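Dumping the structure here so I can ask a few things about it.
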Amino acid sequence: MPRPATLSNSSPSFGAPVRAAFSLQRDYTHLNHGSYGATPVSVMAAQRIWQDKLELEPSRFMRRDYKPGMRAAIAALAPRLGVGSEGLALVENATQAVNAVLRELDLPAGSDVLITDQTYGAVKNAARHMSARNGWNLRSVTLPFPAASADEIIAAYSAALDPAPALVILDHITSPTALVLPLREMAEAARARGALVLVDGAHAPGMLDLDLSAIPCDWYTGNLHKWMFTPKGCGFLWTAEVQRATTHPLAISHWYQQGYDAEFEYVGTRDASSQLCLQSALDFIDAHGQDAIRAYNTALANEAADALAARWGTERGAGQELTGHMVMVRLPDGFGSTREEAEALRDRLTDEFRIQIPINPLTGTLWCRLSAQIYNEMADYERLAGAVERLAG
Ligand SMILES: Cc1ncc(COP(=O)(O)O)c(C=O)c1O
């Protein structure tokens, strides 16, 4: 679907009118959907029904309702990812999925594992831990930022594939820099050199029109609690057929050796309501229209980034080609350049102006990461601009 250049052809019901559908505190400006998502009230009500069902009759629920509930949730999700139910497991989050994959990898000591300088911190730590434990050689490639084009990213990445790594961990959408990476081309380049490919697509479900069958990878994990409106604790791990027999959940439990799908389905007694209520999140999306949500969020992110960069005389972290529903904008000079200064500014925006937005130190200065979700509108970013200007002055 072509991306709209402006908000004018988007749904008039988004922005302030839809805010009541979420529990978000009214007197805050929420510009950080990317980190933790936000769950609609209707989805939280559906989650509560699942929790009530469990507590009403725990034994019956666990013996009779749990498995069909999980299977129905997976079956509802699969077509939205372009795959079948087999090999698609629900997990708590992307961090657990990455850890599960890395824990089972049987690579000889001395194998090269390639990440990037924009790999998510928790994933980087998991790779560091398993590399130290197994004697793997962890390498990192620096990706261009600000990023001019997909071609520039592919060129930088391809150059780092020599010597060939045994495993690459690739982001679909980067966390510290909010770039939608040219994943298919990067994964193809890694595969061509014989590498296993693990994709961290934490931000992609909902934001991008995913077709996992077209991405050459061994594992793909994504979160549904970010851009697909589920409660926290709902993500997935899709595993290519060739890897399923040797990929296991972090917690080995009762259904061990009963196949990939069964093993991931039951990982011990827990509250799985955030996964069981997945259909209600899909219903919320369908009620508003997945295409309409994507079009609005993408247009809003681009328009807000252009407006702020123009107002501050700065720049955005990437053009429309590499932008989804999040985008970096460089702050005016004078706020410093360190992680501590970034956190201090973030705290002042929260405490003094009630604005939630991540601030990252990059390129020797500070950048903010804007998120755009259907409850946002241009006035939210104008409030941010005003607050930054007051603090700068
Ligand atoms: C790229 C990326 N990977 C992984 C994660 C981890 O997500 P979770 O904490 O839900 O596991 C995040 C969270 O922001 C992320 O941005």
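Note that ligands are numbered from 1 as they come in the structure, with each ligand's atoms numbered from 1 the same way. All of these numbers come straight from a predicted model, not from anything done at the bench.
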(request) Quick one: closest heavy-atom pair of Ala94 and Thr221, and the distance? (result) CA-OG1, 3.6 Å
(message) For Lys226, state whether at least one heavy atom is located under 4.0 Å from any atom of ligand 1.
(response)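 Yes; Lys226 lies near enough to ligand 1 that a heavy-atom distance drops under 4.0 Å.
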(message) Salt bridge check, Lys124 against Asp200: does any charged N sit closer than 4.0 Å to a carboxylate O?
(response) no
(message) Strictly distance-based, threshold 3.5 Å: is any side-chain N or O of Thr230 a donor or acceptor partner for the main-chain N or O of Leu224?
(response)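 It does hold such a pair.
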(request) Take every heavy atom of His225, measure it against each atom of ligand 1, and state whether any distance is under 4.0 Å. (result) yes
(message) If you measure every N or O of Thr174 against every N or O of ligand 1, does any of those distances drop under 3.5 Å?
(response) no
(message) Could you check whether Glu352 pairs with Arg390 (Lys NZ or Arg NE/NH1/NH2 to Asp/Glu carboxylate O, under 4.0 Å)?
(response) no
(message) Do Glu265 and Leu90 make a side-chain contact, defined as non-hydrogen atoms from C-beta onward lying under 4.5 Å apart?
(response) no
(message) Tell me whether Asn223 has any N or O atom under 3.5 angstrom from an N or O of ligand 1.
(response) yes
(request) For Asp171, take its heavy atoms, then give the atoms of ligand 1 lying under 4.0 Å from any of them. (result)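 So the answer, numbered in order with elements, is 1 (C).
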(message) Show the atoms of ligand 1 that are less than 4.0 angstrom away from any heavy atom in Asn93.
(response) 8 (P), 10 (O), 11 (O)
(request) Give yes or no for whether the N/O distance cutoff of 3.5 Å, strictly under, is met between Asp200 and ligand 1. (result)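 Yes, Asp200 has an N/O under 3.5 Å of an N/O on ligand 1.
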(message) Return the closest protein heavy atom for atom 11 (O) of ligand 1 as residue, atom name and distance.
(response) Thr95 OG1, 2.6 Å
(request) Describe, in one word, how the ring planes of Tyr266 and Trp255 are oriented to each other, choosing from parallel (under 30°), tilted (30 to 60°) and perpendicular (over 60°). (result)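 Answer is tilted, since the angle falls between 30° and 60°.
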(message) Any heavy atom of Ala94 closer to ligand 1 than 4.0 angstrom?
(response) yes
(message) Please classify the Gln96 to ligand 1 contact at 4.0 Å (heavy-atom distances, strictly less than): side chain, backbone, both or neither.
(response) neither
(request) Could you check atom 15 (C) of ligand 1 against the protein and tell me its nearest heavy-atom contact, residue, atom and distance included? (result)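 Looking at atom 15 (C) of ligand 1, the protein heavy atom closest to it is Tyr120 CD1, 3.4 Å.
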(message) Taking Val41's backbone N and O only, do any of them form a donor-acceptor pair with Ser23's side chain (distance below 3.5 Å, no angle check)?
(response) no
(request) Tell me which protein heavy atom sits closest to atom 16 (O) of ligand 1, plus the residue, atom name and distance to 0.1 Å. (result) His203 NE2, 2.8 Å
(request) Output the distance between atom CG (Leu366) and atom OG1 (Thr338), rounded to the nearest 0.5 Å. (result)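 Reported value, rounded in 0.5 Å steps: 7.0 Å.
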